[in-house]
Number of protein chains: 2
Amino acid sequence: MDIQLKRGLLDVCVLAAMRSEDSYGYKIIKDVKPYVELSESTLYTILKRLENAKMLTVRTVEHDGRLRKYYHITEDGIRRIEEFKDEWKEVDAIYQFVIKEGES
Amino acid sequence: MDIQLKRGLLDVCVLAAMRSEDSYGYKIIKDVKPYVELSESTLYTILKRLENAKMLTVRTVEHDGRLRKYYHITEDGIRRIEEFKDEWKEVDAIYQFVIKEGES
DNA sequence: GCGTAATACATCGTATCACGAAGTATTGAT
DNA sequence: ATCAATACTTCGTGATACGATGTATTACGC
């Protein structure tokens, strides 16, 4: 899938993946994999960005003798998802324009 | 609208705008405006990129004593629009994931 | 006649961002 | 013992949207 199309989807995908319960890096990648391919370096960049934007909080937990970072979505993060749903109306309008104008 | 979401839409929008008939910079901006806001600097960057990718050809025409560049979509450009339609199935699946996981 | 908006195209610099590459460290199966 | 899987981190790079700025002409109101 085109890299450019993924942008704008990734952040909100990651947020959605931790919406119902807190999650951690490796799990997020696996959960999202059926929909978008997401490399580790990309994910950790996104998580850092979302943390700076206060859309999630981090908690380090020891799990089987190894440290694991759990990510928890904040109110701002939830609001971001809601905003995204609204923005999607505009995106869909653009899509309609493309398929209408771009008829074969 | 979020910049990131626009990426991947813009190129194909510009191509769609010249699908039914050849167009030029200023007209493309006006035609696309109801759907996406597009600055001149961005458009000319996109047109240059699409030209390099052989998705369009350029023709300079004198119009009211002033030069005007007409852009014509190529076979490759049309193919790009068709590809986009296919990719949209994946994009929609991602959207479904976000609204399902991100339920209030 | 003069200013201003609209038309039309072009260039430069910057900030954002996805990703590959490479690294560290542990657990568990072959 | 070796290798895959789990788990997180850092660095550098290329792509790219956009604001700022510039050039030049036409058209309209005052």
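Owing to the predicted nature of the structure, the values given are computational and were not obtained by experimental measurement. FYI, side chains are in, hydrogens and waters are out, and symmetry mates aren't considered; it's all heavy atoms of this structure. So that the names make sense, note that chain A is the first sequence line, chain B the second, and so on, each numbered from 1.
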Is the phosphate of D:dC18, meaning OP1 or OP2, less than 4.0 Å from a side-chain N or O of B:Thr42? yes
Is A:Phe84 close to B:Leu5 at the side-chain level, that is, under 4.5 Å between some pair of heavy atoms? yes
Heavy atoms from C-beta onward define the side chain here; which of D:dC8, D:dA17, D:dG19 lies closest to that of B:Ser39? D:dG19
For C:dT7, take OP1 and OP2 only and decide whether either is under 4.0 Å from a side-chain N or O of B:Lys27. no
Please work out which of the three classes, parallel, tilted or perpendicular, describes the rings of B:Tyr95 and A:Trp88, given edges at 30° and 60°. parallel
Candidate nucleotides C:dT16, D:dC18, D:dT6, ranked by approach to the side chain of B:Leu10 - the nearest: D:dC18
B:Leu15 and B:Ile73: which non-hydrogen atoms are nearest, and at how many Å? O-CD1, 3.7 Å
One pair to check against side chain to side chain contact (heavy atoms under 4.5 Å, CB included): B:Met1 and B:Lys6. What are the steps and the verdict? CA-CA 8 Å; B:Met1 180 178 163; B:Lys6 286 166 78 170; 3.9 Å; yes
Check whether any side-chain heavy atom of A:Ser23 sits under 4.5 Å from a side-chain heavy atom of A:Tyr70, and report yes or no. no
Find the distance B:Leu43:CG to D:dA20:C1' and express it as a whole number of Å. 17 Å
Among C:dT26, C:dA18, C:dT11, the one nearest B:Tyr44 by side-chain distance: C:dT11
Atom CG of A:Asp11 and atom C1' of C:dA18 are separated, to the nearest Å, by 11 Å
A:Lys48 NZ - D:dA7 C1' separation (whole Å): 16 Å
base_contact_polar (D:dT26 base, B:Arg66 side chain, donor-acceptor, <3.5 Å): no
Looking at A:Lys6, does any N or O in its side chain come under 4.0 Å of the phosphate oxygens OP1/OP2 on C:dC19? yes
Examine D:dA17: is either OP1 or OP2 under 4.0 Å from a nitrogen or oxygen in the side chain of B:Arg49? Give yes or no. yes
Flag the pair B:Ile28 / B:Leu43 as yes when at least one side-chain heavy-atom distance between them is below 4.5 Å, and no otherwise. yes
Of all the choices, D:dA7, D:dG19, C:dA21, which nucleotide is nearest to the side chain of A:Arg68 once you look at every atom? D:dA7
Where the side chain of A:Ile3 is defined as all heavy atoms beyond and including C-beta, which of C:dA21, D:dT16, C:dA18 is the nearest nucleotide? C:dA18
Taking only the side-chain nitrogens and oxygens of A:Gln4, find out if one of them lies under 4.0 Å from OP1 or OP2 of D:dT16. yes
For A:Asp2 and C:dC17, give me the distance from atom CG to atom P, rounded to whole Å. 17 Å
Side chain of A:Glu40 only, please: which of D:dA7, C:dG20, D:dT26 is the nearest? D:dA7
In whole angstrom, what separates A:Met1's CE from C:dA18's P? 12 Å
Gap between atoms CD1 and C1', on A:Ile28 and D:dT6 respectively (whole Å): 14 Å
Distance, rounded to the nearest Å, where A:Leu67 contributes CG and C:dT27 contributes C1': 15 Å
Return no unless some side-chain N or O of A:Lys69 is found under 4.0 Å from OP1 or OP2 of D:dT9. yes
Closest nucleotide of DNA chain C for B:Arg7 versus for B:Tyr24: which of these residues is on the 5' side? B:Tyr24
Can you tell me if A:Lys30 touches the phosphate of D:dA5, counting only side-chain N or O atoms and a distance under 4.0 Å to OP1 or OP2? no
Return the value, rounded to whole Å, for the distance between atom CZ of A:Arg59 and atom C1' of D:dC8. 17 Å
